[in-house]
Amino acid sequence: MNYLIANPERVLRLAGTHAAMVAAALAVAVAVALPLGILSSRSPRLRPLLLGGLGAIYTIPSLALLALLVQLFGLGLAPVFIALVAYAQFMLVRNIDAGLRGVDPAMRDAAVGMGLSPRMQLLRVELPLALPVIVGGLRIAAIATIAIATLAGYVGGGGLGVLIFNGLALHNTGMIVAGSLGVSLLAVLVDGSLRWCERAVRTRLGG
Amino acid sequence: MPRGAEIVVRGAGVTYPGATVPTLQDLTLTIAPGEFLVVVGPSGCGKSTLLRTINRLIPLNAGSIAIDGIDIASLDPVALRRGIGYAIQAVGLFPHMRVGANVAIVPELLGWSRERIAARVDALLALVHLDPERYRDRFPRELSGGEAQRVGVARAIAGEPRVLLMDEPFGAVDAIVRSQLQDEMLLLVRELATTTLFVTHDVDEALLLADRIVVVNRGRIEQTGTPLEVLAGPASPFVERLFHANDAVIELREKARERQRLR
Ligand SMILES: Nc1ncnc2c1ncn2[C@@H]1O[C@H](COP(=O)(O)OP(=O)(O)OP(=O)(O)O)[C@@H](O)[C@H]1O
Ligand SMILES: [Mg+2]
């Protein structure tokens, strides 16, 4: 606790880097996952391949994956960023796929029958209706990403992990506590706000 | 309101992928401009399938369908559907859009001006007996079953379609609301010149609404005729039974009313 009290700006700054890293990784991850999830929901043949492949990545221990990426991309933010985007894919794609496939067939029938183009069916009907499930996936992915982003501190990528790994190296418990506390607090905050979003979109759909 | 279109179905056949027997077989039918045609038949006989071939939700495996002399297979399906109203039993109102936005969908797709759409939405809601001021900005979850069905009908006719397809549009409400909606429908169709195909397995509903009835059984037409023709001269034992079962129901209902009165 005394480290946090003595260095509030440093902890805050690292928390800011941590949050920014997570937000950027999630933004890229969603941009990649959306087309993959849509593809998966439309193609029963590709679905097992996609989800199986992304699931396999998901099961690789994060430290092992990061070590491999550092070999390829060197130290710094790049390997961490790639690892974060890769990990989030499974949770995001799985939920986008499930959300889209869970859309009531009557909704799709009405949309097609009224003459919406395939693009409009997706943008104006299917994605809005799948939103609660998609936001649920985003929430789980965000929490995992916040935790895994801690590893950035180990390979020179910044964030709250810096406190934890430096604290471990220096046997400075206060530093470790400050870092862990920061990560936990961030996770709780993000979890809470995304839960709220999820509920809001669900209520809007009348569920 | 534009005049209804003529629909000519010639030898239409549908076999679903993987199915061994055809769901529709050699169906031939001409629907006159502005006619209100009701398709009746038991569950699974192919009523919905027939309806859905007309807006090309289901492709034909045999035969052809022409609307005002133009083979629908030669048209862009999306454009074709924008000219055909479609209402379904599940109502299918989009829960994330307000009532007004739901009704406005097809006019928007057709590129109408904002003012014209707003005026049309209000006129349609009034037409289906929903006060625009009260209902326009509601979400579908804030409607009763009967109100939702009304909005479903308003949405289907919003684009001034020349053909209207209704698949058990009053299927999801109780008997009282249902009969109210039927009466309103009867008035509504007089105003609309739209050619309407209306599916039901409620024989009473068919007799009440139809200019002409088509009885379908196992993917084939058993009989076509006005309500009176079908009642007076059933073409097969099947048709006779279909409408006879109905007599029994009427009798039971009379009896129930009688009992009520005597109490
Ligand atoms: N998409 C589909 N794929 C395969 N078979 C289908 C499909 N849709 C309907 N069928 C089958 O075709 C037959 C006719 O179905 P259809 O929905 O047209 O019947 P219906 O007369 O509308 O019945 P109901 O009164 O119960 O709505 C049924 O045996 C049904 O199982
Ligand atoms: Mg049906």
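Throughout, protein chains are lettered first and strands after them, A, B, ... in sequence-line order, and every chain is numbered starting at 1.
- With contacts defined as side-chain heavy-atom distances shorter than 4.5 Å, the pair Pro95(B)/Met107(A) qualifies.
- For residues 74-84 of chain B, a heavy-atom distance under 4.5 Å to chain A picks out Val78(B), Arg81(B), Arg82(B), Ile84(B), given by residue number.
- Residues Gly92(B) and Ala110(A) share a closest heavy-atom pair of O-CB, 3.8 Å.
- Shown here is His129(B), whose NE2 atom has more than 12 heavy atoms of other residues, nucleotides or ligands within 6.0 Å.
- Inter-residue side-chain proximity for Leu109(B) and Met120(A) is flagged as met; some heavy-atom pair is nearer than 4.5 Å.
- Residue contact with chain B, scored on non-hydrogen atoms closer than 4.5 Å, is absent for Arg108(A).
- When all heavy atoms of Gly113(A) and Tyr86(B) are compared, the closest pair comes out as CA-CD2, 3.7 Å.
- Contact residues of residues 56-72 of chain B toward chain A are Leu57(B) (heavy-atom distance under 4.5 Å).
- For Leu116(A), the parts sitting under 4.5 Å from any heavy atom of chain B are the backbone and the side chain alike.
- For residues 31-51 of chain B, the pairs satisfying side chain to side chain donor-acceptor pair (under 3.5 Å) are Tyr16(B)-Thr49(B), Glu35(B)-Arg212(B), Ser48(B)-Asp167(B), with sequence neighbours left out.
- For Asp109(A), the parts lying under 4.5 angstrom from a heavy atom of chain B are both the backbone and the side chain.
- Contacts classified as ring pair (Phe, Tyr, Trp, His ring centres under 6.0 Å) and involving residues 112-161 of chain A (residues at least two apart or in different chains) are given here: Tyr154(A)-Phe165(A).
- Exactly one of Val201(A), Leu127(A), Leu129(A) qualifies for a side chain to side chain contact (heavy atoms under 4.5 Å, CB included) with His96(B). That residue is Leu129(A).
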